[in-house]
Amino acid sequence: MPQLALYTFGVLKSPLADPAPLTHEFYDIGESVYREIGGHPGYLAHAVAAEGDRGSHFEADWGAWGEFAVPAWYDKGRTAETTALATTLSLWTGLRPAFDAVYTGLHREALNRRHDWFERTGYPAHVFWWVCDDVTPVWQDGVSRLEHLHAHGPAPHAFTFHRSFAPDGTPAGAEGVGPKSDRGR
């Protein structure tokens with residue numbers, strides 16, 4: 001059965017290594033969000049570095065998730081001291097479980113605070129695509145699909161909650177999935 005891959009990407013207002021209170025708050029909330037989402041029905045897995053400190057995304061060993069990559073528009077640092085991004089790569093059983101995890105609980109609370117931490121870039125913050133159940137997506141897959149989404153809009157190759165597609169490529173519709181303000185777009 002196909003699995004749903006989700007790549008998220010945001011540019012932070014300050015580097016991950018910044019000792020400012022907002023950066024610490026982002027980390028504290030992020031760790032709690034990961035724990036909660038990890039137990040959510042429909043969650044399968046997410047990319048985790050083998051080892052690493054805050055901001056060491058580019059040097060980390062991501063195992064089966066591949067070499068770390070970022071969209072072309074990311075123009076901030078790439079060292080542990082200068083990296084200013086937050087990104088995830090995860091697998092889900094379907095859109096409804098992913099939506100429920102993103103728009104409820106601690107993650108919903110964090111979304112309500114996103115403008116405290118993230119720059120408004122004008123680029124999409126997430127992208128979905130379907131993979132076979134024996135495939136682990138890699139970071140470059142997420143980057144290329146996010147860039148495709150930005151350049152061409154939603155399609156079976158790269159889509160959002162609001163304009164989603166079934167594994168066979170047919171439009172999935174927005175009934176019951178996606179924020180109410182975005183349904184029907």
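Index from 1, following the sequence. All values derive from a computational prediction rather than experimental measurement.
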Evaluate the side-chain proximity of [Y] to [X]: yes if any heavy-atom separation is below 4.5 Å, no if none is.
{"X": "Arg108", "Y": "Leu111", "value": "yes"}
{"X": "Thr82", "Y": "Lys76", "value": "no"}
{"X": "Phe165", "Y": "Phe128", "value": "no"}
{"X": "Pro2", "Y": "Val131", "value": "no"}

Spacing of [atom1] belonging to [X] relative to [atom2] belonging to [Y], to within rounding of 0.5 Å:
{"X": "Leu4", "Y": "Phe159", "atom1": "CG", "atom2": "CZ", "value": "5.0 Å"}
{"X": "Thr136", "Y": "Asp141", "atom1": "OG1", "atom2": "CG", "value": "10.0 Å"}
{"X": "Ser14", "Y": "Glu119", "atom1": "OG", "atom2": "CD", "value": "9.5 Å"}
{"X": "Leu85", "Y": "Leu12", "atom1": "CG", "atom2": "CG", "value": "6.5 Å"}
{"X": "Arg114", "Y": "Arg120", "atom1": "CZ", "atom2": "CZ", "value": "8.0 Å"}

Sequence neighbours left out, what passes side chain to side chain donor-acceptor pair (under 3.5 Å) with Glu25? Give chain and number order.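 Here the qualifying residues are Arg113.
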Not counting sequence neighbours, which residues clear side chain to side chain donor-acceptor pair (under 3.5 Å) with Thr104? List them please.
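Thr104 satisfies side chain to side chain donor-acceptor pair (under 3.5 Å) with no residue once adjacent residues are dropped.
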| Distance only, no hydrogens: is a donor on one side chain within 3.5 Å (strictly under) of an acceptor on the other, for Thr160 and Arg163? | no
For [X] and [Y], which heavy atoms make the closest approach, and how far apart are they?
{"X": "Tyr7", "Y": "Gly142", "value": "CD2-O, 3.3 Å"}
{"X": "Glu59", "Y": "Arg78", "value": "OE2-O, 3.3 Å"}
{"X": "Gln3", "Y": "Cys132", "value": "OE1-O, 4.4 Å"}
{"X": "Pro19", "Y": "His24", "value": "O-CD2, 3.1 Å"}
{"X": "Thr23", "Y": "Leu16", "value": "CG2-O, 3.4 Å"}
{"X": "His115", "Y": "Lys13", "value": "O-NZ, 2.6 Å"}

Practice prompt. Show your working on side chain to side chain contact (heavy atoms under 4.5 Å, CB included) between Leu106 and Ile29 and close with a plain yes or no.
Written response: CA-CA 8 Å; Leu106 292 175; Ile29 289 171; 5.8 Å; no
Is it possible for you to say whether [X] and [Y] belong to one hydrophobic cluster, with membership spreading through side-chain heavy-atom contacts below 4.5 Å?
{"X": "Trp129", "Y": "Val135", "result": "yes"}
{"X": "Trp130", "Y": "Phe99", "result": "yes"}
{"X": "Leu44", "Y": "Trp139", "result": "yes"}
{"X": "Val143", "Y": "Val138", "result": "no"}

Name every donor-acceptor pair, under 3.5 Å, that has one atom in a side chain of residues 62-75 and the other anywhere in the protein, sequence neighbours excluded.
| residue | atom | partner | partner atom | Å |
| --- | --- | --- | --- | --- |
| Trp62 | NE1 | His57 | O | 3.1 |
| Tyr74 | OH | Gly77 | O | 2.6 |
| Tyr74 | OH | Ala84 | N | 3.0 |

Any donor-acceptor pair under 3.5 Å linking the side chain of [X] with the backbone of [Y]?
{"X": "His46", "Y": "Ser90", "answer": "no"}
{"X": "Asp18", "Y": "Pro15", "answer": "no"}
{"X": "Thr8", "Y": "Thr87", "answer": "no"}

When Phe9, Tyr123, Phe26 are each screened for ring pair (Phe, Tyr, Trp, His ring centres under 6.0 Å) with Phe118, the one that passes is Phe26
Close aromatic pair by centroid cut-off 6.0 Å: Trp92 and Tyr43:
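Judged by ring-centre distance (under 6.0 Å), Trp92 and Tyr43 do meet the cut-off.
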Q) Between Phe161 and Tyr103, is the ring centre distance below 6.0 Å? A) yes
